[in-house]
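Quick caveat: nothing in here was measured; it's all calculated off a predicted structure.
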Amino acid sequence: MITLLNAAPDTGNQGVSALCHSVVAGLYKRGAVKVTVADHGRGFRHADWGYASVNLVGLTHNRRFWRGDNLRTAHAMTRLGVRLSAPARAVVRSRAVLDISGGDSFTDIYGRKRFQAMALTKRMALDAGIPLVLLPQKLGPFREPETEAEAVAILRKAYAVWVRDVQSYKFLQDQLGSAFDPRRHRLGVDVAVALPQVDPGILPCEIQNCISKHRSFPVAGLNVSGLLCNDASSSQQTFGLASSHCDQMEAMAQALLVTNPDVRILLISHVHKPQTDAESDLSAAKRLRKSLGSLAEGRVHILQDSLNAMQLKWILARLDWFAGARMHATIGAFSSGTPTLGLGYTDKAQGVFDQCGIGKDVADLRRLNAAKLVSTALCSFNKRDANRAALAKRLSGIRTRAEREMDIIARQVGL
């Protein structure tokens, strides 16, 4: 059995779900027959995902220490070898544990609690003597020496470590020193470039018209990040954005509509949360459409259905152009051939785009205020046909690289 940690498919964040499904699909394609995925449910369960039948086991970082699915409790069980709960048993019985840290959470910038969750899951495998393979992810940054030291200690003990950006690779080389082994410590592409597409089936008429092959107008897709927009002043300060992201997105959408009278905009949520939740992309999308007033009438549509990551990729593949700050939404778009502008609010988007040879297609929200972002976006949109052709030439190589890297990962876990 192989166990996958920190890629829970039930968070509502379709970026994390994209990582999960990309890894599971890749493993099954290479002969895996038993894969267990840690999620936020209760106990040990089975699920049919269509392309694979998987086991699910609950593992949650909460204060309910009396429950077996509590992360600290499960970790203590594996370390002490006492009566095992379902998640502890899954780890101990695995031939290998894969951990992807949600793509970008092996860091302390999101707070100590999240870092401790990332560290404890990895310690479960290490303390149980199970080979730990860290899948392509970002490492750091680390603000506190203590958390950095703990992260480095884990990296030293891992059987293999994959990163998805040059900055993380350099960190790995510097921190491991003579222990760095290029056979076990590798630079790869984000696994989500290989995410399969799935037809979502029946969609609302206005959405079907937007993605129809026979439409007579261009469609620009936008992801409005709830993380950056729902408390815009706080996120501007937290991430050092040049302008409020609400202002940035409103200015960009308005410019697209005014300068291109035929264009339609499709607002696509990639994090599905209740609309009262601070991370809800749908709430942010509705606020943007309302702010556009009469300019949005009949021209700005919202994909309200909570589609999964594979279904969203199917939608993204049918757009003329896409832009957004949710990084895995942009990966879903460019990996399906759609010209894409990544809106970076940290270094992670630049690193991933660089690895795919399209680093020029990232707009840094920390440097570009609303007016400058408009100029960059319009230039990207106007060059979409040329960018599509250039992207098409790269895609085969990007996909081949992702497949080759998954082949190596499969061998590392004994497939």
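Checking side-chain atoms of Glu250 against main-chain N and O of Leu288 turns up no donor-acceptor pair under 3.5 Å. Put simply, the side chain of Thr78 never gets that close to the backbone of Ala128: no donor and acceptor are under 3.5 Å apart. Within the 3.5 Å criterion, the main-chain N or O of Leu195 finds a donor-acceptor partner in the side chain of Lys313. A side-chain donor-acceptor contact under 3.5 Å links Ser168 to the backbone of Leu139. Arg299 places a side-chain N or O within donor-acceptor distance of the main-chain N or O of Leu257, the cut-off being under 3.5 Å. Ser380 contributes no side-chain N or O that, together with a main-chain N or O of Thr376, makes up a donor-acceptor pair within less than 3.5 Å. For Asp305 (side chain) and Leu307 (main-chain N/O), no donor-acceptor pair under 3.5 Å exists by modelled atom type. In this structure, Ser212 contributes its side chain and Asn209 its backbone to no donor-acceptor pair below 3.5 Å. Under a 3.5 Å cut-off, the side chain of Ser53 and the backbone N or O of Asp48 do not form any donor-acceptor pair. In terms of modelled atom types and a separation under 3.5 Å, the side chain of Arg394 and the main chain of Gly357 share a donor-acceptor contact.
Residues Gln355 and Arg164 are not in side-chain contact: their nearest non-hydrogen atoms beyond the backbone lie 4.5 Å or more apart. Ile331 is not listed as a side-chain neighbour of Thr340, based on a closest heavy-atom distance of 4.5 Å or more. The shortest side-chain heavy-atom distance between Lys348 and Gln167 does not fall under the 4.5 Å cut-off. Looking only at side-chain heavy atoms (C-beta outward), Trp49 and Tyr28 stay at 4.5 Å or farther from each other. Put simply, the side chain of Cys356 reaches to within 4.5 Å of the side chain of Phe334, judged on heavy atoms. With a 4.5 Å cut-off on side-chain heavy atoms, Arg318 and Lys213 do not count as touching. Side-chain contact check for His272 versus Asp281: every heavy-atom pair is 4.5 Å or farther apart. Here the side chains of Phe353 and Asp190 are not in contact, with every heavy-atom distance at 4.5 Å or above.
When all heavy atoms are compared, the tightest approach of His185 to Leu172 is CB-CD2, 3.7 Å. Nearest heavy-atom pair across Val37 and Cys20 is CG1-SG, 3.9 Å.
Ring pair Phe106/Phe142 is perpendicular by interplanar angle, where above 60° counts as perpendicular and below 30° as parallel.
Screening residues 131-152 for salt bridge (Lys or Arg N to Asp or Glu O under 4.0 Å), with sequence neighbours left out, gives Lys138-Asp165.
In terms of the side chain to side chain donor-acceptor pair (under 3.5 Å) criterion, residue partners of His46 (sequence neighbours excluded) are, by chain and number, Asn55.
Separation of atoms CD1 (Ile207) and CD (Gln304) is listed at 8.0 Å; rounding is to 0.5 Å. The CD atom of Gln116 sits 10.5 Å away from the OG1 atom of Thr121 when rounded to the nearest 0.5 Å.
Tested against Asp320 for a side-chain hydrogen bond (donor to acceptor under 3.5 Å, both in side chains), the candidates Arg388, Arg215, Arg384 yield a single pass: Arg215.
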Problem set entry | Worked check of side chain to side chain contact (heavy atoms under 4.5 Å, CB included) between Arg184 and Val161 | CA-CA 6 Å; Arg184 297 189 301 114; Val161 179; over 6 Å; no
- prompt: Under the side chain to side chain contact (heavy atoms under 4.5 Å, CB included) criterion, do Leu71 and Met124 qualify, and how do the steps go?
  reply: CA-CA 9 Å; Leu71 175 55; Met124 282 182 66; 3.8 Å; yes
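Taking a 6.0 Å sphere around CZ of Arg112, one finds it holds 12 or fewer heavy atoms contributed by other residues, nucleotides or ligands. Shown here is Gln412, whose CD atom has more than 12 heavy atoms of other residues, nucleotides or ligands within 6.0 Å.
Checked for salt-bridge contact, Arg399 and Glu403 miss the test: no charged N lies under 4.0 Å from a carboxylate O.
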